[in-house]
Structures are given as structure tokens and as C-alpha cells.
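The next block holds one structure in the form of C-alpha cells; read it before the comments.
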Amino acid sequence: MTTQTFAPFARPLYVMLKPAGALCNLACEYCYYLEKSKLYHDNPKHVMSDELLEKFIREYIEAQTMPSVLFTWHGGETLMRPLAFYQKAMELQRKYARGRTVDNCIQTNGTLLTDEWCRFFKENNWLVGISIDGPQEFHDEYRKNKQGRPSFVKVMRGIELLNKHGVEWNAMAVVNDFNADYPLEFYRFFKSIGCRYLQFAPIVERILPHADGRHLAAVDETDGAQTQLADFSITPEQWGSFLCTLFDEWVKQDVGKIFVQLFDSTLANWVGEQPGICTLAKTCGHAGVMEFNGDVYSCDHFVFPQYKLGNIYSKTLVEMMYSQRQLDFGQAKQSALPRQCRECNYLFACNGECPKNRFVRTADGEPGLNYLCAGYHRFFTHVAPYMDYMKRELLAERAPANVMDAIRRGEL
């Protein structure tokens with residue numbers, strides 16, 4: 001009898017939805033998604049039809065192998081669609097749920113939030129992700145509208161409305177070449193506004209002009225001298241310093257109080273559990289993305305023509321997401337690692353991070369090394385004693401937050 005080493009249906013099928021494509025009321029300088037509209041220059045509307053919405057919801061729910069279903073609404077800017085669109089979506093979810101539990105989360109820049117939106121989110125238990133890059137000076141550096149005006153004040157007004165209505169929200173911050181140099185100011189800002197759930201991601205993009213007007217490069221577009229790192233990208237050294245400095249403050253004061261996704265996921269890998277973030281997982285490929293016209297891509301960060309899996313009008317979600325092509329895409333995260341990664345002491349914690357950043361060569365000249373490798377290696381080396389302690393606490397069924405007392409006692 002043979003055993004299958006990888007069961008594709010063992011994980012829930014997950015497809016992020018782009019109801020307004022790349023449409024947005026802001027024009028953030030580092031945004032990786034705005035230019036995706038150029039893939040659809042022949043379609044002026046860039047909004048999902050009610051027909052497609054119903055087709056997706058029915059098929060998405062029916063494709064699930066788990067009793068609960070998570071819908072993630074993403075952009076562009078999701079609130080470019082009217083409230084009626086999401087009310088319709090919930091009607092359709094109820095229509096096709098057939099006993100399954102349905103949850104919704106939505107990512108927004110927060111500038112278009114109103115009392116009406118917030119009442120809807122609260123009454124229907126939606127989780128709201130807010131894109132905000134820290135204090136005003138940091139946020140407004142890159143997050144401006146199409147007229148070049150800053151957006152921080154409007155975002156904070158949106159957060160106040162969410163708090164007013166008791167809506168559960170978390171922060172999603174981009175760490176760039178500017179705010180990366182101020183990790184404590186960055187972190188303390190989020191604490192000061194009552195943010196208990198903090199996600200942040202390093203921005204790394206390369207510039208490569210395309211015939212259709214796009215200018216960002218995919219990882220497989222390594223066209224030598226023609227490709228250059230975007231100015232707003234973080235350096236590996238900045239990333240490592242940012243993480244270590246921020247972690248030192250968090251681990252002394254806020255374990256169990258402030259939930260930092262990257263730190264929680266690192267601890268999960270330390271213990272041998274599944275991390276809550278795909279970039280640190282062994283494999284990927286289970287989280288696709290569907291554009292406003294039904295095109296499905298391998299991942300939100302791989303919306304390039306060469307990673308298009310098909311269209312929901314011609315193939316089912318199951319066909320596309322469990323296709324051999326998509327399975328190979330997900331397995332390559334592990335199988336394509338260079339020897340330097342496979343021999344690294346922290347492979348279990350990092351797993352090579354996101355494949356989109358694997359465009360540099362190792363010391364031996366082997367391709368496929370993550371651009372941020374040096375920063376992550378510094379971080380994992382720095383946090384290892386604390387992670388070891390919290391792992392022992394967890395395995396003994398005690399609280400990882402006990403690490404703060406251990407630090408105060410001088411044990412760490």
C-alpha cells in the first residue's frame with residue numbers, strides 16, 4: 001500500500017475576492033496592485049457583476065471541505081463598491097450556506113468608512129483590516145490620494161468610527177524604506193490607538209517596464225540589468241533591525257496583550273504548529289485570488305499573466321485551485337529552496353519566506369535565495385532564547401506571557 005505525502009483536499013480552498021479589481025481612491029506610491037488594472041484595459045468598469053458574485057459564492061461554498069467558510073474581500077479599495085453590493089453578498093451566502101458557518105473579513109484603507117458601513121460590519125460580525133503605516137509622518141509619506149494629498153486624517157477618522165460602533169478591526173502596515181528606521185515610534189503608535197492585532201509586511205518590489213504599461217517585476221522576471229529595486233523597498237539590514245528592536249519591546253511588555261502576527265507565527269513554527277501567515281509556512285498555493293471578471297490567479301502577489309489559472313466561467317474553482325499547476329506552485333515553495341536555505345538552522349522557522357522575494361543568489365551563486373534572508377536570520381537568531389522559553393511554557397500548558405516575568409527576573 002502506498003501513502004500519499006501531500007493531500008490537496010486536506011486544506012480548505014481559499015480564494016480572495018477583488019470586487020472592484022484594482023480600483024482605489026488612493027494612489028499609494030508603493031502599491032503592488034494599482035497597476036493590475038492595465039491587465040484589463042479593455043474592460044472600463046472594473047467591477048464585479050451580480051451574476052458573477054452569485055456564481056462565485058455558490059461555487060466557493062460548495063467547494064469547501066470544512067464546516068466553516070471564510071470570505072475575504074480585498075482591493076484595490078473594497079469600499080469602492082456600494083454597501084448594497086455586500087448586503088447582496090450576504091443574502092447569497094445565506095442562500096447557499098446549507099448549514100455551513102460563513103465569516104467575512106474585508107481589507108480597506110479606511111478613508112471611505114461611514115456610520116452606515118460600520119453599523120453593517122458590526123451587525124454582521126465582519127472583521128475589518130485597516131491599512132495604516134504608523135504615525136502621520138510615516139503614513140503620509142507614501143499613502144496619498146490621486147491629487148497627492150495625504151490620507152492619515154481620514155484613516156484615523158475611519159478607525160474612530162469603527163471603535164464607536166464596536167467593530168473588530170486589525171491594522172495592516174507596510175514597512176518601507178522610511179518607517180523601518182523607527183520601529184519603536186511605529187509600534188508605540190499602534191499601542192496608543194488601541195490596536196491589539198497588528199500585522200505588518202516588508203515592501204520589496206523590483207522595477208521592470210512591460211509593454212502594457214505595468215512596471216513591477218514578477219519573481220521569474222529576472223531580466224538582469226533591466227531590473228532594479230524600487231526606491232521604497234526595505235533593505236535586509238533594515239528589516240532585521242526593525243524586527244529585533246520591535247520584538248524587544250513587545251516581549252518585555254505585551255505578550256498576550258498585543259498580538260503581532262509575525263511573532264505569533266514564529267512561535268507557532270517553533271512549537272511545530274501551522275503558522276498563521278502563509279509566508280512562514282512550508283508550502284503555499286492554497287490561497288488564490290479572483291479578479292472582478294472571474295480570472296483566478298495563484299496568489300494575490302502573483303497576479304501576472306503567467307500565473308493565471310483560468311476563469312471561473314470556463315473552469316471551476318476546484319479545477320483551478322487543485323490543478324497540478326497550482327499544486328506545483330505551492331510545493332515549489334519548499335522544493336525550490338537553495339542549499340543555503342535547506343542547511344540553515346532556521347529553515348523550520350522561515351521556510352524561505354515568500355517566494356515573490358526569492359530573486360537573489362546565495363554565496364555559492366545558486367538562484368532562489370530570499371532577498372530578505374539576512375534580516376530574517378538576524379531576527380531568528382535574536383529571538384531564539386525567548387521562543388525556546390515560550391515553547392517550554394506552551395508544552396507545559398502554561399502561558400507564553402510568563403516570558404515577561406522571566407525577563408524581569410533576569411533569566412533571559
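Quick caveat, the model's predicted, so the values are computed rather than measured. In what follows, every heavy atom counts, from backbone to side chain, and hydrogens, waters and symmetry copies are set aside.
- Classified by interplanar angle (parallel below 30°, tilted 30° to 60°, perpendicular above 60°), the ring pair Phe259/Tyr197 is parallel.
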Evaluation steps, side-chain hydrogen bond (donor to acceptor under 3.5 Å, both in side chains), between Asp181 and Gln238: CA-CA 7 Å; Asp181 288 334; Gln238 277 183 308; 3.0 Å; yes

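- Evaluated for a side chain to side chain contact (heavy atoms under 4.5 Å, CB included) with Asn402, the options Met390, Arg392, Glu393 yield exactly one hit, Glu393.
- Classified by interplanar angle (parallel below 30°, tilted 30° to 60°, perpendicular above 60°), the ring pair Tyr376/Phe380 is parallel.
- In this structure a side-chain-to-backbone donor-acceptor pair under 3.5 Å is present from Asn124 to Phe120.
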Go through Tyr142 and Asp177 one step at a time and tell me if the side-chain hydrogen bond (donor to acceptor under 3.5 Å, both in side chains) criterion holds. CA-CA 11 Å; Tyr142 292 119; Asp177 68 312; 2.5 Å; yes

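- A distance-only check finds no donor-acceptor pair linking the side chain of Gln228 to the backbone of Arg206 [under 3.5 Å].
- In Lys144, the NZ atom is crowded: over 12 heavy atoms of neighbouring residues, nucleotides or ligands sit closer than 6.0 Å.
- Between the side chain of Gln326 and the backbone N or O of Ser323 there is no donor-acceptor pair closer than 3.5 Å.
- Checked against Phe121 for a ring pair (Phe, Tyr, Trp, His ring centres under 6.0 Å), the options Trp73, Tyr86, Trp126 give a single hit: Trp126.
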Give every donor-acceptor pair under 3.5 Å between a side-chain atom in residues 403-412 and any protein atom, sequence neighbours left out.
residue : atom : partner : partner atom : Å
Asp405  : OD1  : Arg408  : NH2          : 2.6
Arg409  : NE   : Glu411  : OE2          : 2.6
Arg409  : NH2  : Glu411  : OE1          : 3.3
Arg409  : NH2  : Glu411  : OE2          : 3.3

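- Proximity of a side-chain donor or acceptor of Asp140 to a complementary backbone N or O of Ser151 within less than 3.5 Å is detected.
- Other residues, nucleotides and ligands contribute more than 12 heavy atoms inside 6.0 Å of the CZ atom of Arg100.
- Between the side chain of Ser233 and the main chain of Leu229, no donor-acceptor pair closer than 3.5 Å is present.
- Of the possible polar contacts, none joining the Asp254 side chain to the Lys257 backbone as a donor-acceptor pair under 3.5 Å is found.
- Atoms SG and CE, on Cys299 and Met16 in that order, are 7.5 Å from each other to the nearest 0.5 Å.
- Looking at Arg188 and Glu249, a side-chain N of the basic residue comes within less than 4.0 Å of a carboxylate O on the acidic one, giving a salt bridge.
- Here the straight-line distance linking atom CG of Asn370 with atom CD of Glu353 works out to 4.5 Å at 0.5 Å rounding.
- For the pair Met387 and Thr266, the minimum side-chain heavy-atom distance is below 4.5 Å.
- Side chains of Gln107 and Thr78: a donor-acceptor N/O pair is absent below 3.5 angstrom, by distance only.
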Please report the C-alpha distance between Phe56 and Tyr60 in whole Å, then the side-chain angles of each, then the deciding distance to 0.1 Å, and finally whether the ring-ring contact (aromatic ring centres under 6.0 Å, His included) criterion is met. CA-CA 6 Å; Phe56 175 82; Tyr60 186 62; 4.9 Å; yes

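- Classification of the His286-Tyr14 ring pair by plane angle, with boundaries at 30° and 60°, yields tilted.
- Atom CD of Gln253 sits in a crowded spot, with more than 12 heavy atoms from other residues, nucleotides or ligands closer than 6.0 Å.
- Counting heavy atoms of neighbouring residues, nucleotides and ligands inside a 6.0 Å radius, atom NZ of Lys55 exceeds 12 of them.
- No side-chain donor-acceptor contact under 3.5 Å links Lys308 to the backbone of Phe304.
- In Glu397, the CD atom is not crowded: 12 or fewer heavy atoms of neighbouring residues, nucleotides or ligands sit closer than 6.0 Å.
- Contact of the Asp103 side chain with the Thr101 side chain is registered, since non-hydrogen atoms from C-beta on lie closer than 4.5 Å.
- Taking the centre and axis of the six-membered ring of Tyr33, the NZ or CZ atom of Lys18 falls inside the cone set by 45° and 6.0 Å.
- Remark: Arg98 engages Glu62 in a salt bridge, criterion side-chain N to carboxylate O under 4.0 Å.
- Side-chain N or O atoms of Lys282 include none that pairs as donor or acceptor with a backbone N or O of Phe348 at under 3.5 Å.
- In this structure, the side chain of Thr245 engages the main chain of Ser241 through a donor-acceptor pair within 3.5 Å.
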Carefully, step by step, assess Phe152 and Phe138 under the rule ring-ring contact (aromatic ring centres under 6.0 Å, His included). CA-CA 9 Å; Phe152 179 83; Phe138 301 167; over 10 Å; no

Could you please spell out the steps behind the ring-ring contact (aromatic ring centres under 6.0 Å, His included) verdict for Phe247 and Phe263? CA-CA 8 Å; Phe247 179 86; Phe263 300 163; 5.1 Å; yes

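- The residues Lys164 and Asp115 are annotated as salt-bridged, a charged nitrogen and a carboxylate oxygen being separated by less than 4.0 angstrom.
- Environment of CG in Asp231: sparse, with no more than 12 heavy atoms of neighbouring residues, nucleotides or ligands closer than 6.0 Å.
- Other residues, nucleotides and ligands contribute at most 12 non-hydrogen atoms within 6.0 Å of the NZ atom of Lys122.
- Side-chain atoms of Asp264 do not come within 3.5 Å of backbone N or O of Gln261 as any donor-acceptor pair.
- A salt bridge does not link Lys95 to Glu91: none of the charged nitrogens lies less than 4.0 Å from a carboxylate oxygen.
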